[in-house]
Protein chains: 2
Amino acid sequence: MDARRRSLLEATLDCVAEYGMNGASARRVAERADVTAGLIRHYFGSKDAMVSAAYGYLIGQLTSEADEAAEQGGAAPEQRLARFIVANVTAPNLSPRKVALWATFIGRVRTEPDYADIHRESYREFLVLLETLIHPLLLVLKRPADPVTCQHYAIALNALIDGLWLEGGLGHGLYDTALLPRIALSAAEGILALPANTLMQHIDAPSMSSQHVTR
Amino acid sequence: MDARRRSLLEATLDCVAEYGMNGASARRVAERADVTAGLIRHYFGSKDAMVSAAYGYLIGQLTSEADEAAEQGGAAPEQRLARFIVANVTAPNLSPRKVALWATFIGRVRTEPDYADIHRESYREFLVLLETLIHPLLLVLKRPADPVTCQHYAIALNALIDGLWLEGGLGHGLYDTALLPRIALSAAEGILALPANTLMQHIDAPSMSSQHVTR
DNA sequence: CTTACAGTTATACTTTCGTATAACAAGGAA
DNA sequence: TTCCTTGTTATACGAAAGTATAACTGTAAG
C-alpha cells in the first residue's frame, strides 16, 4: 500500500508551496501527513529524496492533465492543438499553487542532478507532444512541415504557453485570467501564421464567466 | 559605505544559486562574503530580510539591463522593440544562474508579502515598458492602437519573452540558444501581425556564432 | 502457535541554524 | 584628550534540523 507514500508526497508539496523549501522540514511534512518523521526514512531513505520525488510527482500531474486534454474531443488537428493550449492556461493546470511549486523546484534544476533528470525528461516530452500536434496541422494546411520548422514552432509555442501559465498563475492581478485562453490562442495563431480564428473557434465557452483558479 | 552591503547581497545570490534557499544560511553567506555572521544583523536586521533584499537586487539588474538595451541604438519603434526582445533572450540577461535565482525567488511570491511587493512592481514596470514600445509601432503601421489592444499584445509578448528566457536559461540542451533571438523575433512578428522581417531585420549579427551564456 | 516481516512510533544524538550579546577597533566631534 | 558612533568580530545559547536506533504493532506464512 503506497497510500502513505502518496500522502507524504502531497504533504511535501503542501509544505513547499506554503513555506518554501526551508519550511518543508521532515518534522513538518510528517506532521502534515499525520505520521512521525521516522516514516520518511522508511519510504524514501532521506528527506532530500522525498522532496525530489515530490517534484516528479507534481510534474506527472501537470503533463498527464495536458495530455488528456489533447486526447479528448474531436480529432481535428486544430481542435486538438487548441484544447491542449487552453488546458495549459486554465484550471486545474493554471493554479498559483502549482506555479509556485514548479518555480521552487525549477530553481534546483541547474545544480542538482536528480532535479535535472526529472526536468529534462518532462521538457522533452512536452516539446515532442507539441510537435506531434503541430505537424498534422501544417500538413492539413498544405504548409511546409519539415522537422526543423516544427521544432521551431514548438519551441516558440512552448515558451508562449509557459509564459502565460506563469503570468496567470502568479496572478499579479493586473488583468483577468479569463482572458488567457483567448490571448493564448490568438498569439498561437500568430506564431504559426494560421488564418485568424483557426484555433479560436474551438474555445469552449466564449462567455466571460467562471474564472476558477484554485488557490 | 555600502560596498559591504552589496557584497553580502552578491554572496547571498551566489549561495542561493548554488545551494538553493536551504543552502543560503547566514553562516555560509557570511563566509562567502568574508565576514562573520553578525554583520547580517547589522546590515539587514535579519537573514530573511537579507534574502528578500537580494531578490530585489537581482530584479533590479535584470530590468535595468533590458531598459538600457531598448534605449541605445536607433529610435525607430521596430528597432527599439527588436533590441528589447533580443536583449532578454541573450547574455547577460539570459543566464542559467539568473534563471535559477529568479525561479527560486518567484516560488515565494505567493505566500510572502515582501516578495510579492517586489514582484508586482517589477512585473508592472515590464508590462508598461512593453506597451510603450508596442504603441508607437502600431501607430507607425496605421494599426488600431487602443490601450486594450496594446495591453493584450504586451501580455502575450511578455509571456513569449519570459518563456523563451526560461527555456534558454534552463538550457536543457535540446537546441542551440543562438537560435533564440530569431525564434523570438519571428514569433513576436506573428503575435503582433507585423509584416515579415519587420523586427528580424534589426538582428545584430545574423551570423551563427557566439553563444555567450554565462554559467 | 509461533515466526517473521512490513509499517510505524518514540526517542535520542549530533549538527547546524538564526540571532543575541559583549567586546574591540577606528575615526570624527566635542 | 575624551567621547560617541559605526563597523566588525567572537562567542554563546536555544531552537530546530536530519537521521539513526530500538521497540511496538499488526498480519500473513509456516
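Here is how names work: the chains are called A, B, and so on, in the same order as the sequence lines, proteins then strands, and each is numbered from 1.
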*asked:* Tell me which pairs pass ring pair (Phe, Tyr, Trp, His ring centres under 6.0 Å) where either residue lies in residues 56-93 of chain B, with sequence neighbours left out.
replied: Phe84(B)-Phe126(B)
Without decimals, in angstroms, what is the distance between [X] [atom1] and [N] [atom2]?
| X | N | atom1 | atom2 | value |
| --- | --- | --- | --- | --- |
| Ile40(B) | dG18(C) | CD1 | C1' | 9 Å |
| Asp48(A) | dG18(D) | CG | C1' | 9 Å |
| Leu39(A) | dC24(D) | CG | C1' | 14 Å |
| Arg5(A) | dG7(C) | CZ | P | 12 Å |
| Lys47(B) | dC17(C) | NZ | C1' | 8 Å |
| Leu8(A) | dG7(C) | CG | P | 12 Å |
| Asp2(B) | dT6(D) | CG | P | 15 Å |

_Below the 4.0 Å mark, does dT8(D) have OP1 or OP2 next to a side-chain nitrogen or oxygen of Tyr43(B)?_
yes
*Look at His42(A) and dG7(C) and indicate whether a side-chain polar atom (N or O) is within less than 4.0 Å of OP1 or OP2.*
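Checking His42(A) against dG7(C): at least one side-chain N or O falls below 4.0 Å of OP1 or OP2.
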*Please name all residues satisfying salt bridge (charged side-chain N to carboxylate O under 4.0 Å, His left out) with Glu121(B), sequence neighbours left out, ordered by chain then number.*
Arg124(B)
*Any sub-3.5 Å donor-acceptor pair from Ser186(B)'s side-chain atoms to Ile183(B)'s backbone N or O?*
no
*For the pair Arg28(A) (side chain) and Gly23(A) (backbone), establish whether a donor and an acceptor sit closer than 3.5 Å, ignoring hydrogens and angles.*
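Indeed, once roles are kept as given, a pair shorter than 3.5 Å links the two residues.
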*Val35(B) side chain: which of dT8(C), dT9(D), dG7(D) is closest?*
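Nucleotide nearest to Val35(B)'s side chain: dT9(D).
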_Strand contacts (DNA chain D) in residues 14-31 of chain A, 4.0 angstrom heavy-atom criterion_ = Ser25(A), Ala26(A), Arg27(A)
*Determine, for Tyr43(B) and Arg4(B), whether the Lys NZ or Arg CZ falls below 6.0 Å from the six-membered ring centre while staying within 45 degrees of the axis.*
no
_Does the plane of the ring in Trp102(A) sit parallel, tilted or perpendicular to the ring in Trp165(A)? Use 30° and 60° as the thresholds._
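Plane angle over 60°, so perpendicular.
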